[in-house]
Asker: 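Got a structure here, written out as structure tokens. Questions coming.
Source: prediction; values computed, not measured.
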Amino acid sequence: MHVPPTAPRSAPRRHRRSKALGFAALAVSLLMAVPTAQTASGEESQQVQAVPGGGDLGPNVHVFDPSTPDIQGKVDEIFKKQESAQFGLDRYALLFKPGTYDNINAQIGFYTSIAGLGLNPNDTTFNGDVTVDAGWFDGNATQNFWRSAENLTLNPVNGTNRWAVSQAAPFRRMHVKGGLNLAPDGYGWASGGYIADSKIDGQVGPYSQQQWYTRDSSVGGWGNGVWNMTFSGVEGAPANSFPEPPYTTLQTTPISREKPFLYLDGDDYKVFVPQKRENARGVSWANGTPAGESIPLDQFYVVKEGADAATINAAVEQGLHLLFTPGVYHIDEPITINRPDTVALGLGLATIIPDNGVTAIKVGDVDGVKLAGLLVDAGPVNSETLIEVGPENASADHAANPTSLQDVFVRIGGAGPGKATTSIVVNSDDTIIDHTWVWRADHGEGWGWETNRADYGVRVNGDDVLATGLFVEHFNKYDVEWYGERGRTIFFQNEKAYDAPNQEAIQNGDTKGYAAYRVDDSVEEHEGWGMGSYCFYNVDPTIVQGHGFKAPVKPGVKFHSLIVVSLGGQGQYEHVINEVGSPTSGTDTIPSQVVSFP
């Protein structure tokens, strides 16, 4: 069943705050966390076998120290397997203990994460590089997805490190003692990415990068911009100047909380959970030890391939956090997190596939859940939703301790047939969505207008939700729908579905096509900065998209630095937002821009 485009799956809620309901949810979750023992008569009453915490990190995590022999050989071996394995099943995490590593060039392929194991990035130093290039794809970096680099200091061999990526490839908590080149060798195409909590001493050179978002960082300079370069809380960022050059710059990020990460405290593994920041600017670790909480590994269920949803849920109910080791996990019921402050952290792009049309992850309307480093891959049976944050009509106030999604990615098709009506639904207030790529596949296997049908990407019903780095692409209808009040998005990147067969297939009543980003007419307050939508209707280049964005014209609804682009003239936009903004036209890739709306 598909949801009518004119109404959300659950009724929108306005200006509601019920802390009493929040306390009730907390009480329920605490009761659920207590397993029921066997009765005196021997009858079993929801007996829950204890799930052990801690343990080893499994076969797909490789841990190095400076004395490890032939580090380069092992890193090269994994890269050779993963360089072009865009839809493969292998997953890897390369973890480096604190220390100094000489003569390293770690080339990072698909489904590979590299990270230092110090509490501060400067604890683990490479006299060398962490490299992403695009030789496997003839110098085109637009498909360099699903990889990451975190928590390292680099002294690049030639003074500049190359990180030529596109979506779902975060560069977090890194210190580059030199420059950073975001383009592939030869300056071929590149499609946009994400930097957070990082310090680049030299200049960042985007070159061919079409769009990019940088948050709470420090840069020595920024070289250029193509369509949309957005900064929030970045020391050294260029001044706001959209559209020429196309820089959108906010001095601070209103609310942020850095991603949890694994580290070593002596010989003991722990997960550090950074503290929430308000009006943040610059890196969180500038003064040494960051602010936050350390959680020992023995308080985590270390999830390994073969684990089922029932065991995962039992671990959460008994009070454990979740650390997903690199692998692919098929589940036959939702992973349900109803306990406040639960951390669910994936290593090496850990991938969850819901079988039989279930929802992959459901988070209760509770405080402080952290989902991070996970890829949800839709299964062949349609799921109504893939990730739900809060139940329908959630109403608790989480302003002091919001739930966050960080480097949480969704894929429908590409690796095989997949379907989902709506990928992510956010019902809980105050949720932080920090870097997500929600992607209906336009290549690979199992894709086509109906083969990987997915009508809606992200739907936000909760109030006071903030998205920093929102990448949503190729959905059959609306890519993003927003019903909650006081929502904010800093940087949005979108492409409409390439594979629309004709104008009729995308027609939305009297409107030509579904907006990439739609704010419901009932919303009174909403704001967005640095937002772009692009079309490439290569199946039928005559398709016309009425607009990229749709929003009510009200004093509290504001947009800054909007852009639409027709890629090579394959389809056209008539306007940027509503009936505002000039049309794209012709066969050239010429953007149409609106600096502010209204």
Asker: Among all residues two or more places apart in sequence or in another chain, which pass the ring pair (Phe, Tyr, Trp, His ring centres under 6.0 Å) test with Phe471?
Answerer: His435, Phe491

Asker: Would you mind listing every ring-ring contact (aromatic ring centres under 6.0 Å, His included) that reaches into residues 272-295, with sequence neighbours excluded?
Answerer: His175-Trp285, Phe261-Phe272

Asker: Excluding sequence neighbours, so at least two apart, what forms salt bridge (Lys or Arg N to Asp or Glu O under 4.0 Å) with Glu579?
Answerer: none

Asker: Which atom names give the shortest non-hydrogen contact between Leu320 and Val51, and what distance separates them?
Answerer: CD1-O, 3.3 Å

Asker: For Asn356 versus Val381, what's the shortest heavy-atom pair and its separation?
Answerer: C-CG1, 3.8 Å

Asker: Taking Tyr213's backbone N and O only, do any of them form a donor-acceptor pair with Thr230's side chain (distance below 3.5 Å, no angle check)?
Answerer: no

Asker: What residue among Val376, Val303, Ile312, Val316 forms side-chain contact (heavy atoms from CB on, under 4.5 Å) with Ile335?
Answerer: Ile312

Asker: Is any side-chain heavy atom of Phe549 closer than 4.5 Å to a side-chain heavy atom of Phe492?
Answerer: yes

Asker: Ring pair (Phe, Tyr, Trp, His ring centres under 6.0 Å) with Phe242: which residues, sequence neighbours excluded?
Answerer: none

Asker: Less than 4.5 Å apart, side chain to side chain, heavy atoms only: is that true for Ser383 and Pro354?
Answerer: yes

Asker: Could you go step by step and tell me if Glu258 and Arg277 meet the side-chain contact (heavy atoms from CB on, under 4.5 Å) rule?
Answerer: CA-CA 9 Å; Glu258 300 306 330; Arg277 304 168 75 193; 4.2 Å; yes

Asker: Going by the rule side chain to side chain contact (heavy atoms under 4.5 Å, CB included), which residues pair with Pro391 if we only count those two or more places apart in sequence or in a different chain?
Answerer: Asp365, Ala394

Asker: Determine whether a donor-acceptor pair (N or O, by modelled atom type, separation under 3.5 Å) exists between the side chain of Asn427 and the backbone of Gly390.
Answerer: yes

Asker: I'd like to check the side chain to side chain donor-acceptor pair (under 3.5 Å) partners of Asn151; sequence neighbours left out, ordered by chain and number.
Answerer: Arg173

Asker: So which heavy atom on Asn578 is nearest to which on Ala551, and how close?
Answerer: ND2-O, 2.8 Å

Asker: Any heavy-atom pair between the side chains of Leu57 and Leu262 that's under 4.5 Å?
Answerer: yes

Asker: Quick one: side chain to side chain donor-acceptor pair (under 3.5 Å) partners of Gln593, sequence neighbours excluded?
Answerer: none

Asker: Strictly distance-based, threshold 3.5 Å: is any side-chain N or O of Thr214 a donor or acceptor partner for the main-chain N or O of Ile195?
Answerer: no

Asker: Ser561: which residues meet the side chain to side chain donor-acceptor pair (under 3.5 Å) condition with it, sequence neighbours left out?
Answerer: Thr248

Asker: Looking at side-chain heavy atoms only, is the closest gap between Arg411 and Leu375 below 4.5 Å?
Answerer: yes

Asker: Tell me whether the rings of Tyr514 and Tyr478 are parallel (<30°), tilted (30 to 60°) or perpendicular (>60°).
Answerer: perpendicular

Asker: Report the residues that fulfil side chain to side chain contact (heavy atoms under 4.5 Å, CB included) with Ser148, sequence neighbours left out, ordered by chain and then residue number.
Answerer: Ser113, Glu150, Pro170

Asker: Answer yes or no: is there a donor N or O on one side and an acceptor on the other, between the side chain of Asp430 and the main chain of Thr403, under 3.5 Å?
Answerer: no

Asker: Begin with the C-alpha distance, continue with both residues' side-chain angles, and end with the deciding distance and a verdict on side-chain contact (heavy atoms from CB on, under 4.5 Å) for Asp332 and Val358.
Answerer: CA-CA 7 Å; Asp332 57 3; Val358 302; 5.9 Å; no

Asker: At their closest point, which heavy atom of Val273 faces which heavy atom of Lys370, and how far apart are they?
Answerer: CG1-CE, 3.7 Å

Asker: Only counting residues at least two apart or in another chain, list the ones meeting side chain to side chain donor-acceptor pair (under 3.5 Å) with Thr359.
Answerer: Thr385

Asker: Main chain of Ala516, side chain of Arg518: is a donor-acceptor contact present, judged purely on distance under 3.5 Å?
Answerer: no

Asker: Between Tyr301 and Thr311, is the side chain to side chain donor-acceptor pair (under 3.5 Å) condition met? List the steps.
Answerer: CA-CA 9 Å; Tyr301 171 40; Thr311 304; 5.2 Å; no

Asker: Decide yes or no on salt bridge (charged side-chain N to carboxylate O under 4.0 Å, His left out) for Glu333 and Lys362, but give the supporting numbers first.
Answerer: CA-CA 10 Å; Glu333 62 179 271; Lys362 290 187 175 184; over 6 Å; no

Asker: Any donor-acceptor pair under 3.5 Å linking the side chain of Asn452 with the backbone of Ile412?
Answerer: yes

Asker: Quick check against the 3.5 Å criterion: does Lys477 have a side-chain atom that pairs as donor or acceptor with the backbone of Asn508?
Answerer: no

Asker: Any non-hydrogen side-chain atom of Thr289 less than 4.5 Å from a side-chain atom of Leu119?
Answerer: yes

Asker: May I ask you to check whether Arg257 and Ser404 show a side-chain donor-acceptor distance below 3.5 Å?
Answerer: yes

Asker: Begin from the C-alpha positions of Lys554 and His526 and carry the test side-chain contact (heavy atoms from CB on, under 4.5 Å) through to its verdict.
Answerer: CA-CA 9 Å; Lys554 297 178 180 179; His526 189 90; over 6 Å; no

Asker: Output all residues satisfying ring pair (Phe, Tyr, Trp, His ring centres under 6.0 Å) with His560, sequence neighbours left out; order by chain, then residue number.
Answerer: Trp529

Asker: Would you please test Val480 and Asn494 for side-chain contact (heavy atoms from CB on, under 4.5 Å) and show each step?
Answerer: CA-CA 10 Å; Val480 173; Asn494 166 264; over 6 Å; no

Asker: For Arg172, is there an ion pair with Asp216 - N to carboxylate O distance below 4.0 angstrom?
Answerer: no

Asker: So for atom NZ, which belongs to Lys558, do other residues, nucleotides or ligands contribute more than 12 heavy atoms lying within a distance under 6.0 Å?
Answerer: no

Asker: Aromatic contact between Tyr194 and Trp437, with the criterion being ring centroids under 6.0 Å apart: yes or no?
Answerer: no

Asker: Begin with the C-alpha distance, continue with both residues' side-chain angles, and end with the deciding distance and a verdict on salt bridge (charged side-chain N to carboxylate O under 4.0 Å, His left out) for Arg440 and Asp479.
Answerer: CA-CA 10 Å; Arg440 177 182 166 268; Asp479 298 278; over 6 Å; no

Asker: Has Asp463 got a side-chain atom pairing as donor or acceptor with Glu485's backbone, closer than 3.5 angstrom?
Answerer: yes

Asker: Are side-chain heavy atoms of Val472 and Tyr456 found at a separation under 4.5 Å?
Answerer: no

Asker: Measure across Ser217 and Val283 and return the closest heavy-atom pair with its distance rounded to 0.1 Å.
Answerer: CA-CG1, 4.1 Å

Asker: Is the shortest side-chain heavy-atom distance between Val234 and Thr249 below 4.5 Å?
Answerer: no

Asker: Indicate yes or no: at least one non-hydrogen side-chain atom of Tyr517 is less than 4.5 angstrom from one of Leu470.
Answerer: yes

Asker: With side-chain hydrogen bond (donor to acceptor under 3.5 Å, both in side chains) as the test, pick out the partner of Thr421 among Asn382, Asp455, Asn476.
Answerer: Asn382

Asker: For Leu349, does its backbone N or O pair with a side-chain atom of Thr351 as donor and acceptor, under 3.5 Å?
Answerer: yes

Asker: Okay, side chain of Asp355, backbone of His330: is any donor-acceptor separation there less than 3.5 Å?
Answerer: no

Asker: What residues form a ring pair (Phe, Tyr, Trp, His ring centres under 6.0 Å) with Phe324, not counting sequence neighbours?
Answerer: Tyr329

Asker: Lys550 and Asp521: which non-hydrogen atoms are nearest, and at how many Å?
Answerer: NZ-OD1, 3.5 Å

Asker: Would you call Asp341 and Arg339 a salt bridge, taking side-chain N to carboxylate O under 4.0 Å as the test?
Answerer: no

